[in-house]
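Beneath this line is the structure, given in structure tokens, with notes to follow.
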Amino acid sequence: MDWYASHSRDLPWRGIRDAYGIWLSEIILQQTRVEQGRDYWHRFMQRFPRVEDLAAASEDEVLLLWQGLGYYSRARNLHTAARQIVELGGFPQTIEGLRRLKGVGDYTAAAVGSMAFGLPAAAVDGNGFRVMARYFGIDTPINSSAGKQTFTALANELLPADQPGTFNQAMMDFGALQCTPQSPHCMQCPLAETCTALREGRVETLPVKLRKTAVKTRRMGYVYLRCHGEVAIHRRPAGDIWQGLWEPVNLDDWQMEGYSPVLLRKEVKHVLTHRILLADFYLLETETRPALPADYIWVKEDALDDYGKPRLIEIMLEEVSKA
Ligand code: SF4
């Protein structure tokens, strides 16, 4: 906590007690780096300054503003939770209440609860787990369920009841800046004298992590189907990646036989957490609209910006604009 007092990162949601701003930052940071998340946080706070404004927006508006951040279920959950909060008449002020909001798990409930309402709950992420694994010399894998339980329980023991929010943020920053994954700054560390990993020469081998499961490759194909200044798009269905976002004609839905499309780019690689996508992009101009599945619509090309799209499709549109 002393270290944090002089080393904390300057983040726009720090020091605020507004539950909405804190919750928004936590949802954004669930799978996004701080540097990128900062811009999006400002964007959302500007466009939807209060939770009521977010609740009143359409899902399309929210997805469009979220565009580029990935993991779009977060945006949909954010929107649903905003409506839950408005219905409740405000943010729940207990961990159990926060936990009932869509998209809020134990960690996020503890983070929001401790920072906004001073609830005594440890919210420690991978950064904090690493610090504890090294400092106490614990070799339970930090990404296993046993590890999560062990380190969360330990953090709850360490948590000072009067400043839980500051403690949580201090742990996060200490891991991010001081006890970093590679080359931690042990020589200038305020915990060096009592750190187990440093004393036992285990800094390099802690924390222990379980190896991730193999990432699968998925092939995809898209055709930018243009007909008299309009382009065919559809909304991605539930039960797959990018639910609710828009894309041009997906070659799983339509065959190009009999047409002569231009190949824009082949095997564009796009990496998601559990999958590597390899996508082919085509461009096809037609005089008449081919028959497409019923969920496709035709929109003016210059209106495409109004539709939330995955990053891969943005890359495709850049290729189309160069063609
Ligand atoms: S001494 Fe090194 S390993 Fe131990 S807490 Fe400090 S930075 Fe981390």
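As a basis for the values below, the full set of heavy atoms in this structure was taken, side chains included, without hydrogen atoms, waters or symmetry mates. We count ligands from 1, going down the list as the structure has it; atoms in each ligand are counted the same way. Just so you know, these numbers come straight off a predicted model, no measurement behind them.
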Could you check whether R265 pairs with E319 (Lys NZ or Arg NE/NH1/NH2 to Asp/Glu carboxylate O, under 4.0 Å)? yes
Which protein non-hydrogen atom lies closest to atom 3 (S) of ligand 1, naming both residue and atom, and how far is it? R134 CD, 3.6 Å
Heteroatom test (N, O or S) for C186 near atom 8 (Fe) of ligand 1, limit 2.8 Å: no
Quickly, which of W23, W13, W66 forms a ring pair (Phe, Tyr, Trp, His ring centres under 6.0 Å) with W41? Name it, please. W13
Can you tell me the protein heavy atom closest to atom 6 (Fe) of ligand 1 and the distance? C189 SG, 2.4 Å
Can we say R235 and E247 salt-bridge, meaning some charged N sits less than 4.0 Å from an Asp/Glu carboxylate O? no
Is C195 close enough that one of its N/O/S atoms sits under 2.8 Å from atom 4 (Fe) of ligand 1? yes
Are the aromatic ring centres of W3 and F174 under 6.0 angstrom apart? yes
For atom 8 (Fe) of ligand 1, what is the nearest protein heavy atom, given as residue, atom name and distance? C179 SG, 2.4 Å
Got a salt bridge between D139 and R134, using NZ or NE/NH1/NH2 to carboxylate O under 4.0 Å? no
